[in-house]
Amino acid sequence: MSQATGIEAEGSRGGPRNCGAAALVVCLLVGGIGMALQLSARSRLDAKHLEASEEITRLQELAARPRTTLLGAASGGENAVVDYAALEWILNGGQAGSRVAWQRARPQLPSDVDEVLAQIAPKGSLSYPEISELLRGISPDQPLTNLSPEDAAAYAKAQALFRQYQPVLRYVRAGLARGHCDWGVEWGRGLFSDAPNLISLRSAAILLAYEASQQETTAALQTGLEILALGSEVARLQHVTGAHWASGITITGLNSLAHTLNRDGVSARDCERLLEVTARYRPLRDLSVLEAERALTLALALGASGRPLDPQITADLEELADPNLPRSDLGAARAIEAYEDHVQGLRKHLGLPRGERMTAPDRESAPSAFVSRSEGLLTSFGWLEATDAHLAPLRALAAARLAQLRDGALPGQLSQLAPLLGEGETQDPLASPPAPLRYSLEGRTLRCWSVGLNGADDGGPTRYVQGKAASQTDDLGFTLELPGE
């Protein structure tokens with residue numbers, strides 16, 4: 001055997017030992033990398049837990065602060081939600097129809113709740129179609145004398161219904177005088193933090209709008225402002241559900257105020273009051289709703305990874321069978337970071353002027369269990385923007401009516417209203433590029449409108465003849481028709 005052959009044989013005998021050592025090194029290396037990744041993920045999740053805890057605490061403290069309502073400083077320190085819970089309870093015939101804890105438990109409801117409920121017959125749920133009948137005949141385009149026999153019968157039924165529920169409205173007014181408004185959302189439970197079912201508050205807004213139609217002018221204007229204030233209270237929920245209901249309530253209030261501005265008896269002081277209160281209006285289209293959704297999602301993800309912000313979330317998670325919800329430290333850390341990137345994209349996207357927004361941010365990298373609710377804001381923000389956009393034309397018409405009462409004539413140009421409205425107040429919030437509101441004066445008829453969500457001027461808001469749409473457009477605004485001289 002040659003020396004070379006001997007060396008090859010020696011090498012072949014050492015091969016398996018060398019391979020085994022290499023495999024061991026690889027295993028140790030992979031295990032070390034895996035352990036390092038796990039430790040890094042654990043560290044990142046712990047940091048997220050601290051951040052989310054601080055955010056939840058901030059939301060809870062914000063909800064408990066005394067506040068100034070749209071109508072001015074509130075008195076007392078009681079929770080306005082106590083009155084709104086009573087209102088919900090009564091309008092649902094004494095049955096707890098909401099999923100939220102404060103309504104299930106009927107906490108601290110006013111002592112006369114049952115007394116008021118006893119005045120309302122028949123007991124039972126107040127249906128939304130019935131309560132909507134209250135708005136029939138309020139429009140200046142459809143005076144009560146022009147109602148068809150069928151409409152007159154429905155309106156008479158609605159009037160009787162309103163008389164039954166009239167005692168309920170004092171709870172709205174009592175709530176607006178409270179020192180704070182804390183809806184009691186259990187933020188630490190994450191996406192299991194149920195928001196109240198507020199459909200009955202929309203019904204209450206319609207009841208108030210009907211009441212305004214029956215009041216003298218100054219009282220009617222105050223009632224319309226109370227509806228706006230109720231919408232603001234619901235918006236304090238800082239929850240996408242609350243924003244939706246606040247939108248409906250607010251639109252009802254704005255329409256009520258527009259009807260009041262068309263009355264003969266409107267005074268300069270009435271117009272000044274409307275402008276003063278609506279100047280404090282806070283837009284419903286607010287990114288704080290997105291931030292609240294982010295906090296709820298983080299609480300859910302952290303709970304799934306064994307870091308619950310609220311002990312109750314552990315029991316909730318046991319009932320949740322969602323394969324897209326990562327439970328391991330590494331999976332949860334990656335999912336949260338992908339979701340945070342998604343939210344950052346949403347934040348930038350929703351912060352752009354409407355005309356500059358393009359397609360929705362990429363959602364592929366974030367688990368579907370995390371993005372569905374926050375992504376829903378892309379559609380709901382359009383709704384909220386449309387609600388907010390109604391305010392600018394209403395304020396312009398109030399300023400025009402004030403100028404007419406002071407000077408004897410309606411201003412022919414929108415620019416003439418700037419001193420009464422303030423800088424930038426004559427701009428259309430939905431126009432892109434920026435442009436003023438549309439303003440048209442024909443005889444004693446004044447119209448003011450926004451171009452609406454489609455960004456195009458369609459010639460003014462939808463017109464109604466005897467309560468039916470005579471022209472359908474996407475423009476948002478109101479009409480002021482002064483009575484003939």
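Source: prediction; values computed, not measured. Along the sequence shown, residues are numbered consecutively beginning with 1.
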Quick one: [atom1] on [X] to [atom2] on [Y], what's the gap to the nearest 0.5 Å?
| X | Y | atom1 | atom2 | result |
| --- | --- | --- | --- | --- |
| Tyr210 | Thr223 | OH | OG1 | 13.5 Å |
| Leu430 | Leu476 | CG | CG | 6.5 Å |
| Leu284 | Thr250 | CG | OG1 | 4.5 Å |
| Leu346 | Phe381 | CG | CZ | 9.0 Å |
| Gln38 | Leu45 | CD | CG | 9.5 Å |
| Ile251 | His390 | CD1 | NE2 | 4.0 Å |

More than 12 heavy atoms of other residues, nucleotides or ligands under 6.0 Å from CZ of Arg280: is that the case?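 More than 12 within 6.0 Å, yes.
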Counting only heavy atoms not in Glu78 (residues, nucleotides, ligands), do more than 12 fall under 6.0 Å from its CD?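 Count not over threshold, so no.
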Under the criterion side chain to side chain contact (heavy atoms under 4.5 Å, CB included), I'd like the reasoning laid out for Phe192 against Leu296: C-alpha separation, chi angles, the key distance, then a yes or no. CA-CA 8 Å; Phe192 296 104; Leu296 290 170; over 6 Å; no
So that I can tick it off, tell me whether [Y] and [X] are bridged by a salt bridge, with the cut-off set at under 4.0 angstrom between side-chain N and carboxylate O.
| X | Y | result |
| --- | --- | --- |
| Arg282 | Asp286 | yes |
| Arg173 | Glu211 | yes |
| Arg67 | Glu233 | yes |
| Glu340 | Arg334 | no |

For [X], check side chain to side chain contact (heavy atoms under 4.5 Å, CB included) against everything at least two apart and list the hits.
| X | result |
| --- | --- |
| Ser43 | none |
| Thr278 | Leu225, Leu228, Leu274, Leu391, Arg395 |
| Ala456 | Asn454, Asp458 |

Are side-chain N/O atoms of Asp112 and Tyr171 paired as donor and acceptor at under 3.5 Å?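 Looking only at side-chain atoms, Tyr171 and Asp112 do form a donor-acceptor pair, the distance falling under 3.5 Å.
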Modelled atom types, side-chain donor and acceptor of Arg236 and Ser232, under 3.5 Å: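 No - no donor-acceptor pair under 3.5 Å links their side chains.
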Restricting to ring pair (Phe, Tyr, Trp, His ring centres under 6.0 Å), what partner residues turn up for His239, sequence neighbours left out?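 Checked His239 against ring pair (Phe, Tyr, Trp, His ring centres under 6.0 Å); zero matches.
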Those residues that, when tested against His180, pass ring pair (Phe, Tyr, Trp, His ring centres under 6.0 Å) (two or more places apart):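 With sequence neighbours excluded, His180 shows a ring pair (Phe, Tyr, Trp, His ring centres under 6.0 Å) to no residue whatsoever.
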Which residues satisfy the side-chain hydrogen bond (donor to acceptor under 3.5 Å, both in side chains) test with [X], sequence neighbours excluded?
| X | result |
| --- | --- |
| Arg58 | Glu55 |
| Asp457 | Arg438, Trp449 |
| Asp310 | none |
| Thr387 | Ser247 |

Closest approach of [X] to [Y] (non-hydrogen atoms, all atoms of both residues):
| X | Y | result |
| --- | --- | --- |
| Gln60 | Trp187 | CG-CD1, 3.9 Å |
| Ala396 | Leu421 | CA-CD1, 4.0 Å |
| Gly459 | Asp475 | N-OD2, 3.1 Å |
| Ile313 | Ala299 | CD1-O, 3.5 Å |
| Cys448 | Leu397 | CB-CD2, 3.9 Å |
| Ala398 | Leu275 | CB-CD2, 4.0 Å |

Backbone N/O of [Y] and side chain of [X]: donor-acceptor pair under 3.5 Å:
| X | Y | result |
| --- | --- | --- |
| Thr69 | Gly72 | yes |
| Thr297 | Glu293 | yes |
| Ser256 | Thr252 | no |
| His342 | Ala338 | no |
| Glu88 | Leu201 | yes |
| Arg307 | Ser305 | yes |

Tell me, which pairs form a salt bridge (Lys or Arg N to Asp or Glu O under 4.0 Å) where one or both residues lie in [range], sequence neighbours left out?
| range | value |
| --- | --- |
| residues 237-251 | none |
| residues 238-260 | none |
| residues 426-436 | none |

Any side-chain heavy-atom pair of [X] and [Y] under 4.5 Å:
| X | Y | value |
| --- | --- | --- |
| Glu226 | Leu169 | no |
| Phe478 | Leu254 | yes |
| Pro429 | Leu437 | yes |
| Asp474 | Leu453 | no |
| Leu302 | Ile336 | yes |
| Arg178 | Val81 | no |
| Leu117 | Trp89 | yes |
| Gln222 | Leu71 | yes |

Apply side chain to side chain contact (heavy atoms under 4.5 Å, CB included) to Asp83 and Val172, showing your working. CA-CA 7 Å; Asp83 296 285; Val172 173; over 6 Å; no
Take Glu337 and Lys48 through the salt bridge (charged side-chain N to carboxylate O under 4.0 Å, His left out) test and state the conclusion after the steps. CA-CA 10 Å; Glu337 285 157 3; Lys48 279 294 174 188; over 6 Å; no
Verdict with reasoning, Leu230 to Tyr84, per side chain to side chain contact (heavy atoms under 4.5 Å, CB included): CA-CA 10 Å; Leu230 177 61; Tyr84 303 143; 3.9 Å; yes
Test side chain to side chain contact (heavy atoms under 4.5 Å, CB included) applied to Val343 and Arg347, step by step: CA-CA 6 Å; Val343 170; Arg347 194 180 289 120; 3.4 Å; yes
